[in-house]
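These notes concern the structure reproduced below.
Hydrogens, waters and symmetry mates are skipped; everything else that's a heavy atom, side chains included, is used. Letters go in sequence order (proteins before strands), and every chain restarts at 1. All figures in this text were calculated on a predicted structure; none of them were measured in a lab.
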Number of protein chains: 2
Amino acid sequence: MAVLAFEIATHAALLRFRAKDGIDSVGIDFWNMKASMKKPKTSDMGSVPDLRVEGDGRPSANVTLTDVARVAGVSPITVSRAINRPDIVSSRTLKQVTQAIERIGYVPNLLAGALRSNRTRLVAAIVPSIGTSMFAEAVEALSDRLSEAGYEVLLGLSGFNQVHEDEILSAALSRKPDAIFLTGIQHSAWARKQLLAARIPVVESWDLTPSPIDMVVGFSHDGSGRAAARHLLSKGYRRFAVIAATDHRALQRRDGFLAELEDQGTKAAVILTHTPGSLELGRNAFAQLLEDGIQPEAVFCTSDPLAQGVIIEGQVRGVSVPGDIAVMGFGDFSFAAHIHPTLSTVRFDRRQIGRIAAEAILAELNGMPSVERIVDIGFTVMEREST
Amino acid sequence: MAVLAFEIATHAALLRFRAKDGIDSVGIDFWNMKASMKKPKTSDMGSVPDLRVEGDGRPSANVTLTDVARVAGVSPITVSRAINRPDIVSSRTLKQVTQAIERIGYVPNLLAGALRSNRTRLVAAIVPSIGTSMFAEAVEALSDRLSEAGYEVLLGLSGFNQVHEDEILSAALSRKPDAIFLTGIQHSAWARKQLLAARIPVVESWDLTPSPIDMVVGFSHDGSGRAAARHLLSKGYRRFAVIAATDHRALQRRDGFLAELEDQGTKAAVILTHTPGSLELGRNAFAQLLEDGIQPEAVFCTSDPLAQGVIIEGQVRGVSVPGDIAVMGFGDFSFAAHIHPTLSTVRFDRRQIGRIAAEAILAELNGMPSVERIVDIGFTVMEREST
DNA sequence: TTGTATGCGTTATCAG
DNA sequence: CTGATAACGCATACAA
């Protein structure tokens, strides 16, 4: 008996299927067309096309450029051009291709394109954490700028731990990113080697070094600590305490602070907390300070969350800021102004780091070698005594 | 002249190769070896191998699996297995391969593998923003769990804007992620269609719906607002104000709050701010409230940053919390406890959303269909009157 | 402006 | 446990 042609309606479109026997089927049969036009595989010769029809009746084979080409009546490379360089394709062809894409629901496979072209349009961003908004804003600025330019961000969270950074880096490099954004300037020898071997733009950040792997965007932590000390000294304070987290950069800020004090013949009590500094750690540290009987006139905290904690703990214990004690924080650009009406802070623009890193990466990828390979974004001392 | 065989000792192993012309060349020449052993390309026949030697003298051609195979004296597929399924390779072979990898600095190309296997080990996470730590912690928890399992996160920032979400989604899907994490339950028809067509696990989050695209992990915003209202009512307050951001979920919380009040025969003044709510917006809103002559006993803010702003503005204006006015926030799990000693809040665990989403994704990818496709992580009312 | 032939580096499949 | 072969989907090089 003759095989019947039937139509199956789906929520998306009408698909016509042809039954096997060369029968008089009607209309377009995109899927069978696709299968039947493939070069015969030795193992497939004359067998049933592999349509792998699934539960809902739709085939699961991927829609490819070639399928679009067939529907549009052009060659695959023309479709590729219509997508990537629409300007060099005739408007008529472009329209046909666009319609075909729409019609069969084509989603380009960047994997394949990247493999062939050796350009992934992917930038890996490796930061310790994004939970505390410390690095998150930089990543956000980076991503915003890069996505404008058609790049996407592969996120790697290294968690303040160098072994883990190496693992994350290894995983990231296997994706063949076009560029990479790193936090800090301290990386394992292995990491440096891999980074160099990858031969892609590398931006280190948050700190400065005269010898970056490739480029560096950051500011001086020693300088920040010193600036905090000078500020407090200039306000007339003479008895100090420092509450510092224990990561490399926080310790540099502490050391800068202490060094500046020492230059002025002064010292400070130091309390260390874990990294990253948090409000809770700040509270605890300040509580400890008071319980140790230390009575500073001013406390420098290596990060704003620690400073917030000091202020909160002060409120709870009836210590007023800055009446009884001055508190100086570090880090936040737009937020610090509001943490507490009287909190002074050394601030830098987190987003600027991401922004500049993105520009540097794009410049390098576009073959305009950036003039500056070392960018100091600086910092400013922000004083607030009242609102 | 006869072709000679040489044995050369290296720091890692013995490499055997034959010099081409009977020349007495000594030393390892991995790269020429590589080139000379390639199948001749038509265009390359007899010509100089394309080594593109660069400044440092090293060729820039990629080191591939095949190179490793050659050095290890096995077939490429064996190298692949040694990397991906070391358990099914003999320990002797494994060792050879490992050494070869180390020796020539091989970095696997996941692009190629993904293309062939149709598995990218990539999960796309699309959130409005990570700058405010709102979604950042969820993404962090997601990433932490996924990277344990060998997956990486492609970050997409949609910026509270649906058009942009579609663009980001489109870009993400072109990377063929194995799964996708989305924020919210409101997506364009186009987005839903693409997501369905991708046939990958999809987790929507932060909200609940009886009809998720695939899975959803979140909590009730209406319920949160109602809970806040009940809490404040139970404390005896009767005159209310609400400061709300204008995104979908914040408005649901506001509506829940108002609905609960209405059930009790009460009302509230409402002030709207932009999204996302920030400390600064909270300050401004509260200032406006006071200047409008509104004298609430309690203010419900749809997010904690707004509540912080209210508290700060209150401090500046000499309004004490909760002496003069009670403030209730929303959102933060671990942080809210410290914002202000007297701030009450409706809290939920951001990290839990990421964690559960990751587990759901992994379960689905490993073929164990998760029992729960709708996960309500709930929320709790946190009351703090003093520390 | 469009098309043809080829290969990117890996893994699925099947064979030993 | 190991290997030969082909294919994933696209973009480069060159030709028309």
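- A close approach under 4.0 Å does occur between a side-chain nitrogen or oxygen of B/N62 and OP1 or OP2 of C/dG9.
- Heavy-atom minimum distance, A/A125 versus A/L142: CB-CD2, 3.9 Å.
- Across A/F181 and A/V127, no two heavy atoms sit closer than the pair CE2-CG1, 4.1 Å.
- Rounded to whole angstrom, the span from the CG atom of A/L110 across to the P atom of C/dG9 amounts to 18 Å.
- Within 4.0 Å of B/L115, counting heavy atoms only, lies at least one base atom of the nucleic acid.
- Within the 4.0 Å cut-off from OP1 or OP2 of D/dC8, not a single side-chain nitrogen or oxygen of A/N109 is found.
- Once rounded to the nearest 0.5 Å, the distance linking CG of B/D214 with CD of B/E364 reads 5.0 Å.
- DNA chain D is contacted by B/V89, B/S90, B/T93 of residues 89-98 of chain B, taking any non-hydrogen atom closer than 4.0 Å.
- Following rounding to the nearest Å, B/D67 (CG) and C/dG9 (P) show an atom-to-atom distance of 9 Å.
- Proximity of B/H187 to B/L169: side-chain heavy atoms (C-beta onward) are nowhere separated by under 4.5 Å.
- No donor-acceptor distance shorter than 3.5 angstrom exists from the side chain of A/S174 to the backbone of B/L110, with no hydrogens or angles considered.
- If you take CD1 of A/I88 and C1' of D/dA13, they are 14 Å apart, rounded to a whole angstrom.
- Judged purely by atom type and a 3.5 angstrom limit, B/S143 has no side-chain atom pairing as donor or acceptor with the backbone of B/V139.
- Only B/I77, B/S80, B/N84, listed by number, bring a heavy atom of residues 73-85 of chain B to less than 4.0 angstrom from any atom of DNA chain C.
- For B/D67 (side chain) and B/T64 (main-chain N/O), a donor-acceptor pair under 3.5 Å exists by modelled atom type.
- Nucleotide D/dG3 holds its P atom 14 Å from the CZ atom of B/R70, rounded to whole Å.
- A/D166 and A/S188 get closest at one heavy-atom pair: OD2-OG, 2.8 Å.
- Both A/P108 and B/R116 lie near DNA chain D, and the one whose nearest nucleotide falls closer to the 5' end is B/R116.
- When rounded to the nearest whole Å, the span between CG of A/L111 and P of D/dC8 equals 14 Å.
- No donor-acceptor pair under 3.5 Å is formed between the side chain of B/D178 and the backbone N or O of B/V123.
- Look at CG on B/L65: it is 20 Å from P on D/dA7, rounded to the nearest Å.
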